[in-house]
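Chain A is the first sequence line, chain B the second, and so forth, proteins listed ahead of strands; every chain is numbered from 1.
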Amino acid sequence: MSNDFPTETPAVVTCGLPYANGDLHVGHLRTYVGGDAFARALETLGQETAYVSGSDMHGTPVAVNAEQEGVEPEDFALEWHDQYEETFPKFNVEFDNYGHTHDETNTELTQEIVRTLDEEGYVYEKEIQVAYDPDADQYLPDRYVEGTCPYCGEKARGDECDEGCQRHLEPGEVEDPRSTITGNDAEYRERAHKFFAVSEFADYLTEFLDGLEGTSNARNQPRQWIEDGLQDWCITRDMDWGIDYPGEGGEDLVLYVWVDAPIEYIASTKQYTERVGRDEYDWEQVWKDEGEIVHIIGRDIIQHHTIFWPAMLEGAGYNAPRAVAATGFITINGKGLSTSRNRAIWAKEYLEEGFHPDLLRYYLTTTGGLQQDVDFSWDAFQEKVNGELVGTVGNFWYRSLLFAYRNYEGTPDTDVSEDVQERIEGAIGQTREAVNDYDLRELGRAATQLAQFGNEYIQRNEPWKLTDDEPERAAQVIRDCVQIAKAVGVLLEPIAPDKAQALWEQLGEDGAVADAHLEDALEAPPRNFDEPGELFEKIEDDRVDELNEKLAERVAAASDDEDDGADAETESDDTAADEAGSMADTDDLEPLADERIEFEDFQDVDIRVGRIESAEGIEGADDLARLEVDIGFETRQVVAGIKQLHDLEELPGEKCILLANMAKAELFGVESNGMILAAGEEADLLTTHGDAEVGEKVR
RNA sequence: AGCGGGAUGGGAUAGCCAGGAGAUUCCGGCGGGCUCAUAACCCGCAGAUCGGUAGUUCAAAUCUACCUCCCGCUACCA
């Protein structure tokens with residue numbers, strides 16, 4: 001789009017709604033901080049911008065969890081909503097409006113939009129099979145039901161095949177349905193539901209994606225869906241919790257959560273207008289007339305924002321989004337973030353450790369590209385903070401301002417040199433480009449590289465040597481440095497607003513650096529300012545060790561809990577089995593096979609003598625071990641479920657029996673090329689007791 | 001099975017969409033400088049078959065095809 005930011009028309013930046021169902025962690029923060037930084041950067045460019053979001057209150061998980069806690073869904077969700085609203089400002093994530101999907105604005109707007117879609121002929125009614133629990137006398141939407149995936153045959157939830165092919169499942173698709181509430185077998189009943197004719201938008205969406213800005217994954221991923229043929233979308237559910245379906249024939253239906261959730265973007269903007277006035281910001285102009293809509297989301301909800309949502313907007317006569325920027329996930333120490341295993345850095349925890357929010361903001365926005373998955377570790381965090389924020393930015397700020405203060409009581413009374421002026425202009429250009437590329441890392445780099453230039457500049461010119469003999473040149477150098485310091489502050493504000501503001505105040509500037517525009521980076525700072533202080537503090541090694549230990553302990557404790565839980569469930573069985581095993585009670589043995597096979601059949605099986613070369617556990621798997629087995633001709637990598645049953649260190653050197661022509665398989669991402677033979681629950685390894693050589697066939 | 005992301009000097013990353021002298025930045029190593037500054041900062045050096053193979057091209061890290069390996073989501077059954 002040639003229509004670069006800043007545009008004549010106002011912009012709205014949104015970020016994916018946090019689902020009111022659990023604590024916030026760094027994975028969430030990456031999206032909200034990213035959106036916040038982007039919105040701030042737009043404003044620095046002089047773009048009229050609103051940054052809005054809200055809590056996602058509806059849907060079955062909230063209803064289910066509320067039920068388990070014995071509270072009303074609304075109260076349950078509101079509690080989380082309140083917590084989110086409190087937490088965001090602590091990370092300097094400042095929404096112009098933060099609402100929730102259950103409030104009046106969103107409820108009304110959602111119903112209005114659905115009504116419009118209906119009137120425009122995009123909504124139709126269809127009888128579908130809905131799972132129904134006859135004992136509990138209720139219908140079972142989405143995750144209230146589980147069963148078998150019709151596509152791959154795996155166990156699946158009502159709304160998606162979570163364990164198998166990952167397909168999104170429409171209501172009525174799951175086979176062998178069972179109620180998750182009662183565990184009862186469910187039956188399918190005919191039930192009239194409302195459908196949104198997404199399929200009619202295929203051509204529109206293809207064109208829409210061609211012009212969509214943001215990250216490439218958001219543009220490419222949905223194309224596959226369109227090529228495969230779009231399915232119409234069931235937009236109603238048999239539930240109490242949600243927004244009532246507004247049209248005829250759906251009196252006891254509520255809207256599917258993904259209908260009203262994105263509409264909160266509009267509703268939240270509307271609330272903002274209602275608060276500040278239409279002259280200040282006009283939500284209708286942005287959403288209906290002309291405006292720049294930018295969605296910052298996690299990469300797990302791309303389809304909703306690039307298929308369903310733009311189709312809804314188009315069908316209801318609203319503007320299409322200009323950009324969808326989808327962030328990658330966060331891993332912790334190289335492993336997947338797991339809330340159930342407590343392998344996560346929680347928002348609350350980070351704050352309790354006493355770290356400044358801007359440090360995490362900087363880390364999350366400048367480590368890796370926006371759509372890249374990013375690893376978080378306290379070591380990397382320390383390295384980035386100490387190296388870039390303390391060493392480069394903080395140090396430059398401090399040495400420049402301190403020198404200026406001591407020798408000139410502020411900004412030396414002279415003009416900025418041409419070279420430095422140009423260098424700052426270059427950084428401004430770099431920033432402008434970064435924003436238009438939705439590249440937050442580059443945004444940060446524009447600032448830190450300028451600070452680095454400042455360090456080189458002061459070093460090269462050595463003003464401390466000039467003050468006596470060449471006072472004018474010294475003043476010039478410091479004048480330049482103070483200007484660079486100020487420019488770095490303006491450029492860094494979107495990412496580290498608090499620290500930038502602190503610098504602003506040290507420079508004796510009035511007002512807020514957040515209100516400054518890029519051009520202000522070239523305006524002279526006040527003539528006088530007070531003695532500056534250090535704005536960034538080093539993180540010591542001891543501190544990092546401590547944090548790593550805490551994290552490790554926590555993760556260990558969580559997996560212990562899990563094991564305990566599992567043990568508790570099966571403990572009696574295990575004990576019984578152990579005793580039975582030693583007594584070889586035939587009642588516990590698998591019955592002998594009745595069917596006989598021919599010798600030819602046995603010939604199909606290629607069993608060899610092997611020697612285990614190495615054995616190591618597989619990360620993340622409790623039982624699986626990766627073995628390298630020498631079978632004479634070659635060494636095979638085999639995955640075996642023996643990790644907990646054997647001392648892996650003792651295995652290398654042991655002979656074993658290996659089924660060599662077993663089909664290859666991949667377990668936990670590790671290829672298994674063969675199968676080790678073992679007996680019984682304890683996986684007692686089969687071996688030879690004579691001098692059979694490695695590679696010899698067993699017959 | 002599947003889907004997505006990745007493979008670039010010791011480690012971590014950029015560049016790839018819009019091909020053009022074998023490449024960015026950070027950390028680490030080695031050597032030097034400076035002392036205004038938070039043992040900080042500045043300069044220099046070492047180090048790479050840009051995962052593999054084939055192809056398109058005058059030219060490929062960059063495009064195409066295939067392959068190998070890694071990581072995440074799902075799976076503990078080999």
Checklist entry - B/G6 phosphate, OP1 or OP2: any side-chain N/O from A/Gln372 under 4.0 angstrom? => result yes

Next on the checklist: Between A/Gln449 and A/Gln430, is there a side-chain donor-acceptor contact under 3.5 Å, judged purely by atom types and distance?
Outcome noted: yes

Checklist entry - Using atom C1' of each nucleotide, how far apart are B/C36 and B/C26 to the nearest Å? => result 25 Å

Item to check | Same-atom distance (C1') from B/C50 to B/A14, integer angstrom | outcome: 12 Å

Next on the checklist: Work out how far the P atom of B/C76 is from that of B/G4, and round it to whole angstrom.
Outcome noted: 24 Å

Item to check | P gap between B/A46 and B/G10, integer Å | outcome: 15 Å

Checklist outcome for this item: Re B/A1: Watson-Crick or G-U wobble partner, both distances kept under 3.5 Å, found to be none

Checklist entry - Is the shortest heavy-atom distance from the side chain of A/Leu360 to the side chain of A/Phe355 under 4.5 Å? => result no

Checklist entry - Looking for any heavy atom pair under 4.0 Å, which part of the strands does A/Asn455 touch: base, sugar-phosphate only, or nothing? => result sugar-phosphate

Next on the checklist: With heavy-atom distances below 4.5 Å as the criterion, would you say the side chains of A/Glu388 and A/Val393 are in contact?
Outcome noted: no

Checklist entry - Rounded to the Å, how far apart are A/Leu370 CG and B/G15 P? => result 12 Å

Next on the checklist: Taking the C1' atom in each of B/U35 and B/U24, what is the distance between them to the nearest angstrom?
Outcome noted: 30 Å

Item to check | Side-chain donor-acceptor contact under 3.5 Å, A/Arg445 with A/Gln452 | outcome: no

Checklist entry - What is the nucleic acid contact for A/Leu535, judged by heavy atoms within less than 4.0 Å: base, sugar-phosphate only, or nothing? => result base

Checklist outcome for this item: Using Watson-Crick geometry (N1-N3 plus N6-O4 or O6-N4) or G-U wobble (N1-O2, O6-N3), each under 3.5 Å, B/A23 is paired with none

Item to check | Interatomic distance where CD1 belongs to A/Ile330 and P belongs to B/G72 [whole Å] | outcome: 15 Å

Next on the checklist: I want to check one thing: is the phosphate of B/C41, taken as OP1 and OP2, less than 4.0 Å away from some side-chain N or O of A/Arg399?
Outcome noted: no

Item to check | Gap between atoms OH and P, on A/Tyr457 and B/C42 respectively (whole Å) | outcome: 16 Å

Item to check | Between B/G33 and B/G19 - P atom distance, rounded Å | outcome: 47 Å

Checklist entry - With sequence neighbours left out, what residues match A/Glu462 under salt bridge (charged side-chain N to carboxylate O under 4.0 Å, His left out)? => result A/Lys465

Checklist entry - Which part of the nucleic acid, if any, lies within reach of A/Arg460 when heavy atoms closer than 4.0 Å are counted: base, sugar-phosphate only, or nothing? => result nothing

Next on the checklist: What's A/Glu456 touching, base or sugar-phosphate or nothing? Going by heavy atoms closer than 4.0 Å.
Outcome noted: sugar-phosphate

Item to check | Inter-nucleotide P distance (B/C67, B/C3), Å rounded | outcome: 13 Å

Checklist entry - Reckon A/Gly394 touches a base, only the sugar-phosphate, or nothing at all at heavy-atom distances under 4.0 Å? => result base

Checklist outcome for this item: As its Watson-Crick or G-U partner within any shown strand, both distances under 3.5 Å, B/C16 has none

Checklist entry - Just checking A/Phe536: base, sugar-phosphate only, or nothing, at a heavy-atom cut-off of under 4.0 Å? => result base

Item to check | Check: A/Asp358 and A/Tyr363 side chains under 4.5 Å, non-hydrogen atoms | outcome: no

Checklist entry - Under 4.0 angstrom, heavy atoms only, what part of the nucleic acid is A/Gln452 near: base, sugar-phosphate, or nothing? => result sugar-phosphate

Next on the checklist: Roughly how many Å apart are B/A48 and B/G22, using the P atom of each and rounding to a whole number?
Outcome noted: 16 Å

For nucleotides 28-35 of chain B, list the nitrogen or oxygen atoms of the protein found under 3.5 Å from its nitrogen or oxygen atoms, one pair per line.
| unit_1 | atom_1 | unit_2 | atom_2 | d |
| --- | --- | --- | --- | --- |
| B/G33 | N2 | A/Gln459 | NE2 | 2.9 |

